[in-house]
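Below is one structure; the comments refer to it alone.
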Amino acid sequence: MRASYLRTVKFCFSKTSLNLRYYFLQLRSFSSQAKFRNAHYRRLTYSDSQILHLLSRNKLQDARNLINEMTQRNPGHGLVVHLTSLLTKFSKHGFVDESKALFEIMPLRNVVTYNAMLSGFLQNGRLGDASRLFEDMPERNVVSWTAMICGLADSGRFSEAKRLFEEMPERNVVSWNSMVVGLIRNGELEEARQIFDGMPEKNMVSWNTMIAGYAESCRMGEARVLFEEMEERNVVTWTSMIAGYCRAGEVDKGHFLFQGMPERNVVSWTAMIGGFAWNGLHEEALLVFIEMMENYDVRPNGETFISLAYACAGMGFPQLGKQLHAQVIVNSLAYDDYDGRLSRSLIHMYSSFGIMDFAHYIFNNNMNIYTVQSCNEMINGYIRIGRLEEAQTLFDTIPDRDEISWTSLIDGYLSTGQVSKACYLFNNMPDKDGVAWTAMISGHVQNELFAEATSLFSEMRAYGISPLNSTYSILFGAAGATANIDQGRQIHCMMIKMQSELDLLLENSLISMYAKCGVIDDAYNIFSNMVSRDFVSWNSIIMGFSHHGLASETLKVFESMLESGTHPNSLTFLGVLSACSHAGMVSQGWKLFNAMRDVYAIQPGLEHHVCMINLLGRAGKVKEAEEYVLKLPFEPDHHIWGALLGVCGFGETNAEIAKSASKRLLELDPLNGPGHVVLCNIYAANGWHVEEQKLRKEMGLKGLRKVPGCSWIILSGKVHMFLSGDKVQPHVSDLLSLLFKKF
């Protein structure tokens, strides 16, 4: 690819609103007119064009007279051949009625003419006409029988196809292959294999068809057996195997075969590039493309660029994606994009980048091949960059919407806190599936509307919609966030009744929920009974034990995690360091902190440094905590200074350190309420009342106050919240009495 090919193209995008709905309504009428105007008249002689014109207007006598004139100029067999060829051309371009009229007025016909008309009917889906013609044929040959069998099989009428096959007076390898293809298309692989095994002779097509059938069904073991049995293979054989392995997710095996191919064409290269791209190995897909362009004289086609567009999107490389688009333009591939797949891949790519002006340009220029998928890509792209109004405008103008269209826009509004708009859309959604309900529940949870989320779940079940695993997971998260153990247990019991076994996502969610609700024993029981665990499982139970101050249990689980071969991550170390901090295990904490960097190559994050400050401060080593902060390899921010100020309250002789930390904290965050409060308390504890009063006055002038602590209990399904410093409320004595009875 030469650099001179890549030119900067300035696109001009109109902001004028386009009446898409009217445009879509006109497409069908326009395409039917264009079909006649764009017929391949340039391939026809003047007389042939006249025949098509007369037949299209049902002027059969005039057409017959013209053919008679042609008969006089070209009598005998030559005219039959010419008219048969003309009949085939008409059928190929969709003029089946004209082909039929020509067939009926032809003065002479032979078996080739009948077969041409039969194929024309079948290619255009007119099976009834084809069946009647087949029955009326004065003579049939193997081509007639094979064409009819293929037509019946392609339309799903396979019992009739099999009956015809059994009645065939003579069969050739094409007939046998047609039967195998038809059976495979109808999902009858076992019967297709029986026909394949019973073939008197097989050609390369026979073997490739059977291998492709197994490959498309991801039955690569059987495909490999046939592949090994073949005495001779061609590029189609190898490519089918490579595509099959990639489809089955065994990309390594596909790549191994690809490397061993004796010859490759653009289809082989594209199969390998696509195999990597569709399996999420986007970098590998791009590397194979670079290898093809640098070392082999192979020109990429439209299919190649489709896979590359998805690979660029997956890698998140906008500049590379634009270069790819430039190559599509330079090579004029957009003009051959008859099914719109290339355009859709570019829309997907630009939408995933958030470059919506480019996506909009391609979308508007390809409305003749409009699909709901492209609209959904556009809607998601606008939502991704926060342009919800444009997403809503597109949603309102497209003629067809599916569940993804509705759910995407609902999720977009929920993610920006516009719950009322999301609810309006949801209430007007015609067909709500489990994904839409789950999106609504999740959005309410994200916006901390937990009661409404629970209500939606009840409504979902009332409508007979089965909850998804992700629905339960979200609700367990909500129960954990509000420490609502009763609700969490109810949903857990409901889930057990509705499904026999739990998957990894649900088990992890349950561990986290029970741990956050204070029932750590139940969380550990679920963890202990898990058949398989991932790092989320280990981290959930480690964080659970850590938050409960169970340092010994936390470290035991951590050791078990290492023994299982699961590699710890930054969250794992946050859990164990926090546990050490709560238990005052300074030396163990330092050991783990150093191991995180030196053994597991995990760079400490801000939260790890805060944890180490707390570890030292809780152990009374405030001076060491200050030294730790001053030696940090980066400039400490307000989180670091806030943590240091917080631990100063744990000692009685840390006023000077507190002053220094508070000064740095308030320089970075002058309106930090908790920082002011902690410093006030330290002043008071040390008898510095003048400084305390001065600081409190300053807080009053700034309008600062610490967010009060809160607690809550759930009574009869209602949450009762108590804030620090609350006045006496009605029924508070009854609530407190109930609370103390539990203890």
Side-chain angles (χ1 to χ4, degrees), residues 508 511-512 514-516 518-521 523-528 530 533-634 636-637 639-654 657-658 661:
N508 290 341
I511 293 169
S512 179
Y514 280 119
K516 289 177 180 178
V519 194
I520 191 65
D521 290 340
Y524 187 66
N525 285 337
I526 292 169
F527 176 81
S528 300
M530 292 177 74
R533 305 181 180 112
D534 61 3
F535 69 89
V536 177
S537 317
W538 290 101
N539 286 347
S540 296
I541 195 64
I542 284 172
M543 293 300 290
F545 278 133
S546 177
H547 288 160
H548 283 77
L550 302 171
S552 176
E553 288 81 354
T554 303
L555 295 175
K556 284 180 183 177
V557 172
F558 177 69
E559 291 297 328
S560 299
M561 178 182 185
L562 299 180
E563 290 171 3
S564 72
T566 305
H567 194 78
N569 61 10
S570 60
L571 185 60
T572 316
F573 280 101
L574 183 62
V576 292
L577 289 174
S578 178
C580 292
S581 173
H582 286 299
M585 301 169 66
V586 178
S587 60
Q588 182 67 23
W590 273 116
K591 180 180 177 183
L592 289 167
F593 183 78
N594 292 329
M596 177 175 69
R597 291 181 305 181
D598 303 335
V599 178
Y600 298 100
I602 299 172
Q603 287 302 313
L606 183 67
E607 62 277 8
H608 299 99
H609 292 300
V610 169
C611 206
M612 289 303 294
I613 294 167
N614 286 330
L615 170 70
L616 294 168
R618 287 174 183 273
K621 300 177 181 292
V622 178
K623 184 63 179 174
E624 289 184 33
E626 181 189 31
E627 292 172 357
Y628 177 86
V629 169
L630 296 175
K631 291 179 182 178
L632 285 173
F634 57 88
D637 67 359
H639 295 99
I640 297 292
W641 291 114
L644 181 58
L645 179 60
V647 300
C648 288
F650 298 139
E652 298 180 358
T653 59
N654 304 316
I657 297 175

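Positions are given from 1 along the sequence.
Look at Lys623 and Glu626 and you find a salt bridge, because one of the NZ, NE, NH1 or NH2 atoms lies within 4.0 Å of a carboxylate O, short of that distance.
Of the inter-residue distances, the one linking Gln588 atom CD with Leu615 atom CG reads 10.5 Å to the nearest 0.5 angstrom. Leu606 contributes atom CG, which lies 4.5 Å from atom CD1 of Ile640 (distance to the nearest 0.5 angstrom). Between atom OH of residue Tyr524 and atom CZ of residue Phe527 there is a gap of 6.5 Å, rounded to the nearest 0.5 Å. Atom OG1 of Thr566 and atom CG of Asp534 lie 8.5 Å apart (nearest 0.5 Å). The structure places OG of Ser540 at 11.0 Å from CD1 of Ile526, a figure rounded to the nearest 0.5 Å. The CD1 atom of Ile511 lies 5.0 Å from the CE atom of Met530; values are rounded to the nearest 0.5 Å.
Within the 3.5 Å criterion, the main-chain N or O of Gly575 finds no donor-acceptor partner in the side chain of Ser578. Judged purely by atom type and a 3.5 angstrom limit, His582 has no side-chain atom pairing as donor or acceptor with the backbone of Ala579. Without hydrogens or angle criteria, Asn614 side chain to Gly617 main chain gives no donor-acceptor distance under 3.5 Å.
Applying side chain to side chain contact (heavy atoms under 4.5 Å, CB included) to Asn539 and the options Leu574, Asn508, Thr572 leaves one that passes, Thr572.
Between Leu555 and Leu592, the closest side-chain pair of non-hydrogen atoms falls below 4.5 Å. By the 4.5 Å heavy-atom criterion applied to side chains, Trp590 and Leu616 are counted as neighbours. Counting heavy atoms from C-beta outward, His567 and Tyr600 have side chains that approach closer than 4.5 Å. Between Phe593 and Cys580, the closest side-chain pair of non-hydrogen atoms is not below 4.5 Å.
Smallest separation of non-hydrogen atoms from His608 and Ser570: NE2-O, 2.8 Å. Nearest approach of Ala515 to His548, heavy atoms of both residues: O-CE1, 2.9 Å. The nearest pair of heavy atoms linking Val622 to Leu644 is O-CD1, 4.4 Å. Between Ser564 and Trp538, the shortest heavy-atom distance links the atoms OG-CZ2, 3.5 Å. In this structure, Leu577 and Cys611 approach most closely via the heavy-atom pair C-SG, 3.5 Å. Between Met585 and Ala551, the shortest heavy-atom contact is SD-CB, 3.8 Å.
Using cut-offs of 30° and 60° on the angle between ring planes, the pair Phe573 and Phe558 is perpendicular.
More than 12 heavy atoms of other residues, nucleotides or ligands shown are found within 6.0 angstrom of OH on Tyr628.
In the model, Asn525 has no side-chain atom that pairs as donor or acceptor with a side-chain atom of Ser528 under 3.5 Å.
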